[in-house]
Amino acid sequence: MSPLLEQFLSEARDFLQGIGEKLMQLENAPDDVELMTELFRFVHTLKGNSGLFDFPEMTRVLHAGEDLMDAVRNGRVAYSQQLADRLLDAMDFVGMLCDEIEAEGSIGAAYAADSARLAESLRQLMASAEKAGAVSAIEEAATPLVLTAAAATAPLLAPKVELPLAEIPETARMAAYRSARAGNPLHWLSYSPAEECFFNGDDPFFQARQTPGVVWGGIVARAPWPPLAAMDAYRCLLDFRLLTTAPRAELDEYYRYMPEQIKLLPVSPLALVLPQGDPNGGPVYEDLVVDALRNLRGGDVSAVARAARAMLELSNPDLWLSSALRWLLLLIECEPDNHPALAALIESLRSLQPVDWYLLEQSATPAVGAGTTAGATEAAAGTASPLAAEEAAALAAIVAAQRAILTLPLEAPWQLGRLRAAGAALAGCLRASGRGEAVHEVETATAQSLACGSAQPLSDWLAHHFAPAAESAAAANHPSASVVATAAARPVATASGGANTAADGDRESSSGRRADDADSDVKFGRRAEDAAAAGVKSVKVDQAKIDRLMNLIGEIVVAKNALPYLAGRAETVFGVRELAREIKAQYAVINRIAEEMQDGIMQIRMMPVSFVFQRFPRLVRDISRKLGKEVNLVLEGEDTEADKNIIEALGDPLVHIVRNSLDHGFELPELRRAAGKPPAGTLTIRATQESDRVVIEIVDDGKGIDPAVIKRKAYEKGLIDETALERISDQEAVNLVFAAGFSTAEVVSDLSGRGVGMDVVRTAIEKVNGAISLESEKGKGTRLRLSLPLSMAVTNVMIVESDAQIFGVPMDCVVETVRVPRADIRTIKKSLTTVLRGRIIPLKSTNALLGLAAPPLANAEDELAVLVVRLGDESVGLLVDDFRETVDIILKPMAGVLAGLPAYSGSALMGDGSVLMVLNIKGLF
């Protein structure tokens, strides 16, 4: 891997961290322009840097994210939670690509499809928002003049896609139709689980059944079933088809972990109007159709309903005619003013064929009212519509808006969609003005513009067929003309604004040249605002270099500690007292320098706990939304520092604790209200430094831990017997959550219930010489306290002697050193004990624990040396022969065969060349 690529990966992770933090902050302040600008700059710079390498999968996603943030920054797209979710998913994907590059040196071809899908989802989000804004602006201007009330409320169909809606029972379709007319969206959802989904712990049938707003569901085989003997029961070959009334955002949230496995299509309510039944029910009375159409044109919808009910009573309910009449009555009930739809359904009674609702709505859309059935009837009768002049002015205003749109610069490939939209609008104008024969000409001109990436062919056609002068004259008296022109010109102002020009200045057009100036000085990937600030005050250093310095300073400490032994030998063995004195003087100087060097290197290894805390805002946001809970996260003491190894060791335990708190600790909002609490809970993660230790507290105001529930669960799992069940206190019961395999979850989920819980957390904390304590009050909340050493690089130990051998004991475990008269030692249940300051302290012989046959030695006063050590919440006395000094050592972990000895935590080299074995107090017992 080249140094440039290493630097890029290091900077990319910093940018991804910054992007995630800014997105979290924007959720609380979506209108903060400064935050939005900084977020755009992060994405833009990361995209530019990725262009230095051949990583199209990464650049594609980052470019789409940059375009989306630019649209948000300039007000074309509103910031939303859905937008934040898409961007976070995209940045997670980029982070995964960085890991792939670091591991393999390149990006595999398997990521290309995911990259294209993510980029397309970001651009679709932008395009749909911009299209909604443009449509609303034009409709605001044109609707009062040219849309009927029914057409104004009728939704537009998506591009025609054949959906098997006829498979849905009529009663379910009618229920969905009523729900849609009540304001709920309709979506057709196709869910195709991965074939290996069972090995990922997924349950596709459960997933499909829990889809929000399901009205109807069906299951189909993805491929023909193989013979039973050849069937693989662990391979999913099922596809799920669902009709749902849930909003798109809710469906995206529900399927956010498997977006590539679903397809969502909006469904028009009218698409559900599919009469079904036996068509051989005899002829339809012609006068029924004629009378119904006449009453409809006369506005007497109630007469149509009476005739339909009478005919329905005389017909067999299984006939196609009866089904059509039931739908007709439902349309009259839900939207009596939608005369075009009612007329089309009545006309279908003649042919007993379903209505092509897609064609009907598409033909009604560009005509903007003039193409409605009522308008056509008036034209056939030779009567002039009183809105004819207004319609002409509205059409002229729409054409003027398309002319303004075609003058906009095309700075990115996605902007070619403007040409396609302008061509469709002009084709609709032709149909509305009775010039349908020229539609193919505008379609040809649109295709030419898209092929060459220029609006010129379409602009030339527009200048030839619609004169600007006549257009301006017709639109001058139209009150909506200025509104439409303003809506069309707004993107021009945006594109020409100074801020946006600076933001988009580095983008290239589809022809590969700069859109603003082909001859300008192009600076690849960097702009002045992204340049590094002058006077850099920090340098990134590879961790391996820091570790090497740490090893070297450890060797210096060992060499320095040898000087006092050398001075002693010079005086006692060789009798050169003056030389011994000079060696001791130089030792003081070298010791001071070595200690300062050691402290300096230790400071380099120190990191703020914010490196761990930064992952929690996203984690709390995602899990709380998934669980339907409201949780506010409070982070305190993020600048508290600890050794890098300690910070890294904190990561996984803290994540598990936070997930556990969100899943088990907090109640649902309605339960919190019932308990008199605010609906949103508070999770506080606080870091402080106490003496030579860093303390992390995780506090929540949830439901707390019920000791009775813990006792019952522990008894059911066989962790305690009946005697212990009656004897243990509430605090002891709460501490049972640290037992291996303990879980209170009733259902196994991706968050809990697998029996791998707080025991793993405690083991990880104790592995770095830390301690964990738990306090909880039922109904009030829970507090977890983690206490860890500031550093693991240098260990302060007390040297003790036993059986003529020396051993080290970490000072973190030492409570005190005392000498106990042999007469004060008693035997209780075959164990030695003594009383120190009113407490009974059990005594253990170090020699016996280490398998040494020698008894502990007493001094001249018949006193035994006792080293009192801390073991969990208890104190134990170790019987040793003698105490020695305390020293700072560089502890080396045991390796090879010796790594399996639990009694020793490591070894250290002493100044005289001897090896000091450091005892593992917990392992000894």
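Remember, it's a predicted structure, so these values are computed and weren't measured experimentally. Side chains included, hydrogens not; waters and symmetry mates left out as well; all remaining heavy atoms used.
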Enquirer: Kindly determine whether Ser190 and Arg241 satisfy side chain to side chain donor-acceptor pair (under 3.5 Å), including the steps that lead there.
Expert: CA-CA 5 Å; Ser190 297; Arg241 298 173 175 177; 5.7 Å; no

Enquirer: Assess the residue pair Ser50 and Thr59 against the criterion (side chain to side chain donor-acceptor pair (under 3.5 Å)); give the C-alpha distance rounded to whole Å, side-chain angles, the decisive distance to 0.1 Å, and a yes or no.
Expert: CA-CA 6 Å; Ser50 69; Thr59 305; 3.1 Å; yes

Enquirer: Compare all side-chain heavy atoms of Leu62 with those of Met91 and state whether any distance is below 4.5 angstrom.
Expert: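 The answer is yes; the side chains approach within 4.5 Å.
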
Enquirer: Going by ring-ring contact (aromatic ring centres under 6.0 Å, His included), name the residues that satisfy it together with Phe55, two or more places apart in sequence or in a different chain.
Expert: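 ring-ring contact (aromatic ring centres under 6.0 Å, His included) list for Phe55, sorted by chain: Phe53.
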
Enquirer: Among residues at least two apart in sequence or on other chains, which ones pass side-chain hydrogen bond (donor to acceptor under 3.5 Å, both in side chains) with Glu250?
Expert: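 Applying side-chain hydrogen bond (donor to acceptor under 3.5 Å, both in side chains) to Glu250 gives none.
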
Enquirer: How would you list, by chain and number, every residue that makes a side-chain hydrogen bond (donor to acceptor under 3.5 Å, both in side chains) with Asp89, sequence neighbours excluded?
Expert: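 Arg256.
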
Enquirer: Give the minimum heavy-atom separation between Pro30 and Met36, together with the two atoms involved.
Expert: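 Answer, listing the atom of Pro30 first, then Met36: O-CE, 4.1 Å.
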
Enquirer: Residues in side-chain hydrogen bond (donor to acceptor under 3.5 Å, both in side chains) with Ser121, at least two apart?
Expert: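 Partners of Ser121 by the side-chain hydrogen bond (donor to acceptor under 3.5 Å, both in side chains) criterion come out as none, since no residue qualifies.
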
Enquirer: With sequence neighbours left out, what residues match Asn184 under side-chain hydrogen bond (donor to acceptor under 3.5 Å, both in side chains)?
Expert: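 Here the qualifying residues are Ser179.
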
Enquirer: Taking all non-hydrogen atoms of both residues, which atom of Thr446 and which atom of Arg420 are closest, and how far apart?
Expert: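 Shortest heavy-atom separation between Thr446 and Arg420 comes out as CG2-CA, 4.2 Å.
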
Enquirer: With a 4.5 Å limit on heavy-atom distance, are the side chains of Leu251 and Ile262 in contact?
Expert: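 Sidechains of Ile262 and Leu251: no contact.
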
Enquirer: State whether the side chain of His187 and the backbone N or O of Val267 hold a donor-acceptor pair below 3.5 Å, judged by distance alone.
Expert: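 Checked: no pair found.
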
Enquirer: Does Phe42 offer a backbone N or O that forms a donor-acceptor pair with the side chain of Thr45 under 3.5 Å?
Expert: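 Side chain of Thr45 to backbone of Phe42: no pair is present.
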
Enquirer: Look at the side chain of Ser449 and the backbone N and O of Leu458, then say whether any donor-acceptor pair between them is shorter than 3.5 Å.
Expert: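 At least one qualifying donor-acceptor pair exists.
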
Enquirer: Roughly how far, to the nearest 0.5 Å, is CZ of Arg41 from CD1 of Ile19?
Expert: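 So the gap between those two atoms works out to 11.5 Å.
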
Enquirer: Looking at every heavy atom in both Pro164 and Trp188, which two are closest together, and how far apart are they?
Expert: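 That would be CG-CZ2, 3.5 Å.
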
Enquirer: Under 4.5 Å between any side-chain heavy atoms of Ile168 and Leu274, yes or no?
Expert: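 No, every pair of side-chain atoms sits at 4.5 Å or beyond.
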
Enquirer: Taking side chain as C-beta onward, heavy atoms only, is Glu57 less than 4.5 Å from Val61?
Expert: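 Not in contact.
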
Enquirer: Can you sort out the partners of Phe240 under ring-ring contact (aromatic ring centres under 6.0 Å, His included), two or more places apart, ordered by chain and number?
Expert: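 Partners of Phe240 by the ring-ring contact (aromatic ring centres under 6.0 Å, His included) criterion, ordered by chain and then number, come out as Tyr191.
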
